[in-house]
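Read through the structure below, which is laid out as structure tokens, and then see the notes.
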Amino acid sequence: MTDQAYNFAYLDEQTKRMIRRALLKALAIPGYQVPFASREMPMPYGWGTGGAQVTAACLTPDDRLKVIDQGADDTTNAVSIRRFFQRTAGVETTERTAEATVIQTRHRIPEQPLSEGQILVYQVPIPEPLRFLEPRETETRKMHELEEYGLMHVKLYEDIARHGEIATAYAYPVRVEGRYVMDPSPIPKFDNPKLAGNPAIQLFGAGREARIYAVPPYSDVVSLDFEDHPFVASKADHECDLCGSAGSYLDEVITDDRGTRMFVCSDTDFCASRQAQGHRGRLSPQGATP
Amino acid sequence: MNAILTGGFADPSTQSAHAFRALLEAMARPGRIFTVAGAQPPAPISVAAGVALLTLTDSTTPLHLAGAADCEALRGWIGFHTGAPLVPAEQAQFALGRWDALQPVSRFRIGEPSYPDRSATLIVELDRLEPEGARLTGPGIKTEARLSLPETAGFRANRALFPLGLDCILTCGARLAALPRSTIVEDA
Amino acid sequence: MYVAVKGGERAIDAAHAWLAEERRGDPSVPELTLAQIREQMALAVNRVMAEGSLYDPDLAALAIKQARGDLIEAVFLIRAYRTTLPRFGASRPVDTAAMAVDRRVSATFKDLPGGQVLGPTFDYTHRLLDFALAAEGTPPPAPMAPAPDEPVPHVTGLLDRDGLIERQPAEDTPAPDLTRQPLELPASRALRLQALARADEGFTLSLAYSTQRGYGRTHAFVGELRIGRVAVEVELPELGFAVEIGEVELTECDTVNQFKGSKTEPPQFTRGYGLVMGQSERKAISMSLVDRALRWQELGEDFTGAPAQDEEFVLSHCDNIQSTGFLEHIKLPHYVDFQAELELVRRMRREAVQMQEAAE
């Protein structure tokens with residue numbers, strides 16, 4: 001049931017129009033951060049207020065919404081945001097990636113390839129990829145204007161000099177359509193290749209920093225690298241202990257105080273679907289084939 | 001008078017949500033045509049252009065009406081349903097008119113180098129809107145799209161300004177498509 | 001067990017129920033009423049109204065009760081509520097010269113038109129715990145005086161008559177609104193003042209204090225501090241004139257600061273300004289010092305690298321709802337990112353060990 005005290009999807013219509021205008025400009029200028037008049041939401045800044053505003057501006061009553069945090073539908077913050085939209089928009093929700101029309105995510109891109117008709121909304125803490133190299137917005141804005149991304153390459157190269165490789169494991173910077181350098185939000189770099197050529201619309205909302213940006217479908221998105229140190233989408237060198245998947249991103253779970261570990265898919269829907277199909281991992285209960 | 005008061009969204013939050021999704025998909029997939037509903041603006045304005053106005057404009061968005069769109073009936077309708085202030089082309093955030101009436105489009109704001117988003121969005125009324133003709137490539141397009149544009153030179157010139165430039169919503173009857181500044185336009 | 005991360009939904013429900021119980025405390029102790037909070041915790045209510053940017057003592061009292069006395073949490077509740085309210089219009093600028101003052105002190109003149117009015121202040125109380133307050137009781141009535149009817153002009157106005165302080169002509173440009181437009185830098189003074197008016201009291205206090213200790217020193221005197229009620233008026237286009245819709249309590253601080261001047265211009269004092277909803281003089285004084293420090297460029301001073309001079313630093317970090325949200329979000333799960341770093345560190349360690357072994 002929707003909460004009648006609030007407008008559909010919580011935000012008032014004028015606020016939605018403002019966000020919607022920003023979204024269209026964001027799609028027209030791929031990777032560019034559009035400033036928007038971010039509103040205070042009934043959840044803390046840093047907990048998905050930007051993603052929630054973008055989702056609220058996009059939702060229709062016909063949508064099926066999926067919310068994930070760390071790839072999982074049942075993490076507490078994902079549960080909380082999903083409930084917020086159940087209450088304020090009355091939309092149907094799902095945990096199945098394939099059935100969702102709008103997916104709000106924190107830190108992951110689902111394993112299952114997305115399709116046309118789907119929208120992936122990323123929660124973004126710090127939208128500015130240059131922020132940790134240059135703390136001033138006035139400066140980084142100028143750097144984007146002039147396509148002055150040398151500082152970023154210097155930083156990546158210093159990594160190589162010190163560590164032998166680029167020591168950025170998540171929020172790995174990308175260049176969109178050969179123009180803007182963009183922060184893909186803190187997804188593991190394992191997910192970076194899914195940003196490119198994706199049939200779905202990818203929208204990014206940063207509430208506290210008041211920025212919206214977008215990657216249109218089938219866009220060219222390149223992870224920054226060097227010819228002699230090409231980008232590698234790495235992950236833990238294990239298989240999922242529950243579904244046996246060798247190609248999915250894994251969470252590491254410490255199972256006792258002697259350092260025993262298990263690795264399981266971070267994408268809970270992907271893992272559950274594989275198990276339902278009969279796939280088994282190292283620690284699957286024996287004889288439990290369906 | 002009646003024409004001014006009617007023709008808006010009966011259920012704004014739901015109808016504008018559906019309309020926006022069509023606009024979002026259109027801007028994300030240049031050249032693809034979507035059908036919208038819910039607005040009945042006064043003649044000569046199309047349903048799709050009316051839907052775009054109701055969904056995107058309000059008292060905070062200066063609007064320019066060009067040519068036949070700049071008529072008493074529409075000014076009244078916009079005043080009642082959106083409250084968008086009517087302004088000269090140079091100050092407009094949105095503009096509505098036929099392609100020839102919008103000329104020269106160099107009057108409109110193309111954004112600033114550090115804020116390319118501060119550019120106008122043109123709602124261009126067309127007599128026909130079909131997936132044929134000019135070849136479109138670029139972000140949002142898998143291989144190529146075709147769209148019956150009124151010309152290609154103007155859109156090519158606009159693309160050359162990237163990341164500055166104008167973004168267009170093309171309307172015809174109840175159908176619309178979009179042509180953001182990022183799209184590369186070539187002759188058929 | 002791995003299932004420990006499951007059941008988020010049940011955990012949230014249980015946590016909320018427990019929180020409600022803890023908020024109430026021992027049920028044998030009478031429950032606080034909103035009127036009690038509003039009347040007896042008035043300065044907490046004022047802070048919540050000021051930083052929540054919503055003048056409503058009853059709602060602020062409710063927020064304090066719901067937040068178990070955590071004032072930043074209460075500010076957050078008010079801000080989230082405020083965002084959803086429709087806007088009917090903007091009031092005319094309030095006239096603080098016409099304020100019905102409860103308190104008005106000047107540190108720059110011993111006496112002045114309108115007089116020094118001490119008002120209900122902690123200033124000269126001895127900070128000794130009053131154990132009598134632990135019991136209930138009504139204080140003896142305070143002595144009364146007839147309300148003065150003489151005007152209480154601003155001290156800065158008196159200085160201005162002699163050209164001793166920089167002029168500040170009234171402006172017609174509508175004030176920008178931080179809550180409706182994204183912050184853009186450099187910001188105008190009006191926008192900076194709006195941000196400071198709702199800024200965290202502690203942050204503003206520390207910055208102001210830092211200017212006193214030399215990090216962007218501005219040599220401030222409190223020209224005047226006044227607390228009282230002013231009328232709020234709105235123009236009704238249908239009527240063609242303004243009507244009073246109520247009154248609000250405000251705290252206003254004008255500082256008189258180090259002069260500027262040059263070979264061609266005679267020296268003049270400069271201004272810092274603070275205006276806060278409710279009675280909140282620590283905040284108003286802090287605000288006026290920070291305002292003055294931020295004006296270095298306009299007044300032709302040097303940027304010494306002091307935090308209080310740095311507009312982008314101050315405006316980006318002064319909002320406690322933004323800062324508390326982002327600070328506390330690091331307790332949310334980050335295991336995907338941490339896993340990515342673990343994998344990277346393990347691989348780099350492995351490679352380093354291999355290289356070491358190869359070298360030996």
Side-chain angles (χ1 to χ4, degrees), chain A residues 6-7 10-12 15 35-47 49 69-72 74-80 83 106-108 125 135-138 163-165 167-171 186-190 208 210-211 234-237 242 249-253 255 262 264 266, chain C residues 1-2 4-12 15 76-87 177-186 310-313 316 319 321-330 332-348 351-352 355:
Chain A
Y6 293 101
N7 194 27
Y10 182 73
L11 297 173
D12 61 279
T15 298
F36 81 112
S38 179
R39 299 292 196 253
E40 266 127 352
M41 296 293 282
M43 60 192 71
Y45 282 119
W47 298 51
T49 56
D69 187 339
Q70 314 297 299
D74 61 354
T75 36
T76 40
N77 202 43
V79 169
S80 171
R83 278 187 170 188
R106 179 167 170 262
H107 296 190
R108 277 306 315 272
R136 279 175 201 283
E137 164 71 12
T138 37
H163 304 294
E165 63 177 292
T168 299
Y170 61 90
I187 56 172
K189 67 176 181 174
F190 173 81
R208 196 177 35 79
R211 296 290 184 274
S234 57
K235 67 180 254 306
D237 192 15
L242 296 180
Y249 194 75
L250 301 173
D251 283 340
E252 179 173 336
V253 183
T255 53
M262 69 184 286
V264 294
S266 104
Chain C
M1 271 304 286
Y2 174 63
V5 299
K6 297 269 177 195
E9 211 146 325
R10 260 199 346 270
I12 288 176
F76 183 14
L77 288 168
I78 291 297
R79 290 266 193 99
Y81 175 77
R82 174 193 195 280
T83 324
T84 64
L85 298 177
R87 294 192 170 206
D177 187 346
L178 198 57
T179 67
R180 294 284 145 155
Q181 283 128 23
L183 176 66
E184 191 186 322
L185 299 164
D310 188 331
E311 166 183 281
E312 185 159 351
F313 178 83
S316 305
D319 189 287
I321 302 308
Q322 288 175 4
S323 34
T324 199
F326 198 56
L327 179 98
E328 295 191 37
H329 108 282
I330 62 172
L332 288 179
H334 282 78
Y335 27 80
V336 162
D337 295 347
F338 185 67
Q339 186 54 228
E341 295 230 305
L342 260 182
E343 189 265 333
L344 178 70
V345 170
R346 279 181 180 139
R347 185 155 37 80
M348 291 195 310
E351 282 159 14
M355 274 167 66

- Query: Is it the side chain or the backbone of A/A72 that comes within 4.5 Å of chain C heavy atoms, both, or neither?
  - Reply: neither
- Who wins among A/K235, A/R136, A/M43, A/M41 for the most heavy-atom pairs under 4.5 Å with chain C? A/R136
- What residue in A/G71, A/S266, A/P188 has the most heavy-atom pairs under 4.5 Å with chain C? A/P188
- So, do A/R83 and C/E9 sit near enough that their side-chain heavy atoms are less than 4.5 Å apart? yes
- Are A/R106 and C/L332 side-chain neighbours, meaning at least one heavy-atom pair lies under 4.5 Å? yes
- Nearest heavy-atom contact between A/F36 and C/P182 is O-CB, 3.4 Å
- Item | Nearest heavy-atom neighbours spanning C/I321 and A/Y45 | O-CD1, 3.4 Å
- Query: Closest heavy-atom contact between A/R208 and C/Q322?
  - Reply: CD-O, 3.4 Å
- Message: Minimum heavy-atom separation for A/R39 and C/T83, please, with both atom names.
- Response: CB-CG2, 3.4 Å
- Query: Checking heavy atoms, do the side chain of A/L11, its backbone, both or neither come under 4.5 Å from chain C?
  - Reply: neither
- Note on the structure: d(C/E328 CD, A/W47 CH2) to nearest 0.5 Å is 6.5 Å
- Query: By salt bridge (Lys or Arg N to Asp or Glu O under 4.0 Å), which residues pair with C/E184, not counting sequence neighbours?
  - Reply: B/R118
- Check each atom of C/D310 against the heavy atoms of chain A and say whether the ones under 4.5 Å are side chain, backbone, both or neither. side chain
- What part of C/L342 gets closer than 4.5 Å to chain A, counting heavy atoms only: side chain, backbone, both or neither? side chain
- Query: When rounded to the nearest 0.5 angstrom, what is the spacing between OG1 in C/T84 and CG in A/D12?
  - Reply: 8.0 Å
- What heavy-atom pair brings A/Y249 and C/V336 nearest, and what distance separates the two atoms? OH-O, 2.9 Å
- Contacting moiety of A/T76, where chain C heavy atoms sit under 4.5 Å: both
- Examine whether an atom of A/T168 lies under 4.5 Å from a heavy atom of chain C, and if so say whether it belongs to the side chain, the backbone or both; otherwise answer neither. backbone
- Is it the side chain or the backbone of A/F190 that comes within 4.5 Å of chain C heavy atoms, both, or neither? neither
- Query: Would you say A/Q70's side chain and C/P333's backbone share a donor-acceptor pair under 3.5 angstrom?
  - Reply: yes
- C/L344 versus A/A169, closest heavy-atom pair with distance: CD2-CB, 4.1 Å
- Item | Option in C/Q339, C/Q181, C/M348 with maximal non-hydrogen atom pairs under 4.5 Å from chain A | C/Q339
- Distance (rounded to the nearest 0.5 Å) between A/H107 NE2 and C/Y335 OH: 11.0 Å
- Message: Within the supplied structure, the quantity of interest is the number of heavy atoms (other residues, nucleotides, ligands) at a distance under 6.0 Å from C/F326 CZ; does it exceed 12?
- Response: yes
- Roughly how far, to the nearest 0.5 Å, is CG of C/L183 from OG of A/S38? 12.0 Å
- Task: Using the salt bridge (Lys or Arg N to Asp or Glu O under 4.0 Å) rule, collect all pairs that involve residues 336-348 of chain C, keeping only residues at least two apart or in two chains.
- Result: A/E165-C/R347, A/E252-C/R346, C/E343-C/R347
- Backbone N or O of A/E137 within a donor-acceptor pair of the C/E312 side chain at under 3.5 Å? yes
- Query: Is it the case that more than 12 heavy atoms not belonging to A/D237 sit under 6.0 Å from its CG atom?
  - Reply: no
- Around atom CG of C/L85, are there more than 12 heavy atoms of other residues, nucleotides or ligands at under 6.0 Å? yes
- Highest number of heavy-atom pairs under 4.5 Å with chain A: which of C/R82, C/H334, C/E351? C/H334
